**Student:** 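Got a structure for you, questions after.
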Protein chains: 2
Amino acid sequence: MTQMPRASLADRAAALLEERIRAGEWQVGERLPGETTLAPELGVGRSTVREAIRQLAGKGLVQSRQGSGVYVTALETQDELTEVLARADVIAVIEARIAIECEAASLAAARRSPEALAVIHQALNHRHPEIDELEAYVDADMEFHRAVVLAADNPVLLEMFDAFVPRLRGSMIEMLRMTVDFDTELDHERHQRVTERIAESDPEGAARVSRDHLEVLRREVWQ
Amino acid sequence: MTQMPRASLADRAAALLEERIRAGEWQVGERLPGETTLAPELGVGRSTVREAIRQLAGKGLVQSRQGSGVYVTALETQDELTEVLARADVIAVIEARIAIECEAASLAAARRSPEALAVIHQALNHRHPEIDELEAYVDADMEFHRAVVLAADNPVLLEMFDAFVPRLRGSMIEMLRMTVDFDTELDHERHQRVTERIAESDPEGAARVSRDHLEVLRREVWQ
DNA sequence: GCCTAACAACTCCTCAGACAAGTGCGAAAT
DNA sequence: ATTTCGCACTTGTCTGAGGAGTTGTTAGGC
């Protein structure tokens, strides 16, 4: 019987690093120690550290930038859809959002479960137009839209929506920072209209209002 | 403006190898050429080839065995979306298809590139209502719908659609086998209407006709 | 005080060469 | 015929040397 070959040093180094990343030793976006630091720390040569890092890069956990360092990009391995999303431009993502959310709003209106409606209302109340911090505003916005998709009671649509969020968050914040005359009152009003249509069991109306809302977003970005 | 740093040699080598693997140059279980062969072939050093292979190993495409070689273990990485799709029931998938394809038809009508339109027409001609083999009929159907999504010119929508196809193919074939009085003439006519709306640059019409077509499908399944 | 340019000290990227460790095959010895 | 040995070939690992890009500091000019 042949002995099971123990895993290579690079494999073990990769596993060790992955464990430390998942444990939260470095947050997403943070930089890992340099190769020359990690090598003696892990008790291996520099090229072995490099191969370990490449392995994690293949899994989508880290990303290296020449001259700068190796950065944590995610805590879980990313799938193909998020990979496509990372490359796609914002317009394409918004168009896909229109597809998902209009249908979701329509289905939500058709199904209209009282519990799901309560979640939507709750998310709507979190969306104060007065929120001054951009990040909090965008997060509250995403929470509302997710509640709508959740109300559609379709796991496929939800999975797709969740793939969008991390990609869009940054762009939305940046966009709002650029837009000087963004009317939060008007924005909030549009969300209220979506909620009303769903509450009234008006699928077509819900879809239409959702579309109008997101088309505004697309135009904002396009300029 | 700062220049976008081009991908590293190792990244490009990995992409090149991945492409050749997916193209079927080596079957699952087969051995890749040795590092010392690949290095000059790809025009890079041996360590660079090693890092490229590590990257693919991280994605789960290959696996290396010391003293023996590097072997192909899979042709595609298991996607989270496809995992969800595998569990989701057919109704949920069709609903998601409605979301994607209506918007895609609408965008296709709005953009209406002559080349994409030609592809749609070609796919439509492949869809003879006389096709007696169920599998061929469904494949021709999928080809047509994919052409529509392709015409939308949105990589995100296309990725999602492609995730649907393998999941739906089997169910569609089974469903058609059950449906005794399936009217292929009527089915073909509906596809023609979609094509016409796109050719006429009528986004709303294209979306509406697409929806009607898929709603029929949903009702067929539901019963 | 503010901005810019040059610089130094990092970082990762790539290569070449050397040797270790494991595999597989064929020839030689039994 | 079977076993053993050795050789060729594979991946694994380390090191040293530059190349290339980034970042922070510092000196100089405005």
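Chain identifiers are assigned alphabetically (A, B, ...) following the order of the sequence lines, protein sequences preceding nucleic acid strands; residue numbering begins at 1 within each chain. In this text, all values refer to a predicted model and were calculated from it rather than measured experimentally.
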**Student:** Could you check whether any side-chain N or O of B/Asn154 sits under 3.5 Å from a backbone N or O of A/Ala92, counting only pairs where one atom can act as donor and the other as acceptor?
**Tutor:**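 Yes.
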
**Student:** Taking NZ, NE, NH1 and NH2 as the nitrogens, is one of them in B/Glu135 or B/Arg169 under 4.0 Å from a carboxylate oxygen of the other?
**Tutor:**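 Salt bridge between B/Glu135 and B/Arg169, a charged N being under 4.0 Å from a carboxylate O: yes.
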
**Student:** Could you go through nucleotides 4-7 of chain C and list every protein N or O atom that sits under 3.5 Å from one of its N or O atoms, giving the distance for each pair?
**Tutor:**
none

**Student:** Run the side chain to side chain donor-acceptor pair (under 3.5 Å) check on A/Asp187 and A/Thr184 step by step: do they pass?
**Tutor:** CA-CA 5 Å; A/Asp187 192 49; A/Thr184 56; over 6 Å; no

**Student:** Does the B/Thr37 side chain pair with the main chain of B/Pro33, one donor and one acceptor, at a distance under 3.5 Å?
**Tutor:**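 Here the side-chain-to-backbone pair does not exist.
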
**Student:** CZ of A/Arg65 versus C1' of D/dG21: gap in Å, rounded?
**Tutor:** 11 Å

**Student:** Under 3.5 Å, is there a donor-acceptor pair linking the side chains of B/Asp139 and B/His126?
**Tutor:**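 No pair is found: no donor N or O on one side chain lies under 3.5 Å from an acceptor on the other.
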
**Student:** Taking only heavy atoms on the protein side, list every residue of residues 18-36 of chain A lying under 4.0 Å from any atom of DNA chain D, sorted numerically.
**Tutor:**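 The answer is none.
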
**Student:** Keeping the roles fixed (side chain from B/Arg111, backbone from B/Ala152), state whether a donor-acceptor pair exists under 3.5 Å.
**Tutor:**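 Answer holds: yes.
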
**Student:** May I ask you to decide if the ring planes of A/His191 and A/His145 are parallel, tilted or perpendicular, using 30° and 60° as cut-offs?
**Tutor:**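 Plane angle over 60°, so perpendicular.
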
**Student:** What pairs of nitrogen or oxygen atoms, one from the protein and one from nucleotides 14-19 of chain C, lie under 3.5 Å apart?
**Tutor:**
residue: C/dT14; atom: OP1; partner: B/Leu9; partner atom: N; Å: 2.1
residue: C/dT14; atom: O4; partner: A/Arg46; partner atom: NH2; Å: 3.1
residue: C/dC15; atom: OP1; partner: B/Gly45; partner atom: N; Å: 3.3
residue: C/dC15; atom: OP2; partner: B/Gly45; partner atom: N; Å: 2.7
residue: C/dC15; atom: OP2; partner: B/Thr48; partner atom: OG1; Å: 2.3
residue: C/dC15; atom: O5'; partner: B/Gly45; partner atom: N; Å: 3.4
residue: C/dA18; atom: N6; partner: B/Arg46; partner atom: NH1; Å: 3.2

**Student:** Looking only at side-chain atoms of B/Gln66, point me to the closest of C/dG24, D/dG19, D/dG12.
**Tutor:** D/dG12

**Student:** Report the distance from atom OG of A/Ser106 to atom CZ of A/Arg208, rounding to the nearest 0.5 Å.
**Tutor:** 11.5 Å

**Student:** Starting at the 5' end of DNA chain D, which residue's closest nucleotide do you reach first, A/Gly67 or B/Thr37?
**Tutor:**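 Going by which nucleotide is closer to the 5' end, it is B/Thr37.
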
**Student:** Say you draw a straight line from CZ of A/Arg190 to CG of A/Asp212; how long is it, rounded to the nearest 0.5 Å?
**Tutor:**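 A/Arg190 atom CZ to A/Asp212 atom CG measures 9.0 Å (nearest 0.5 Å).
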
**Student:** Give a yes or no on whether the backbone of B/Leu61 and the side-chain of B/Thr73 come within a donor-acceptor separation of less than 3.5 Å.
**Tutor:** yes

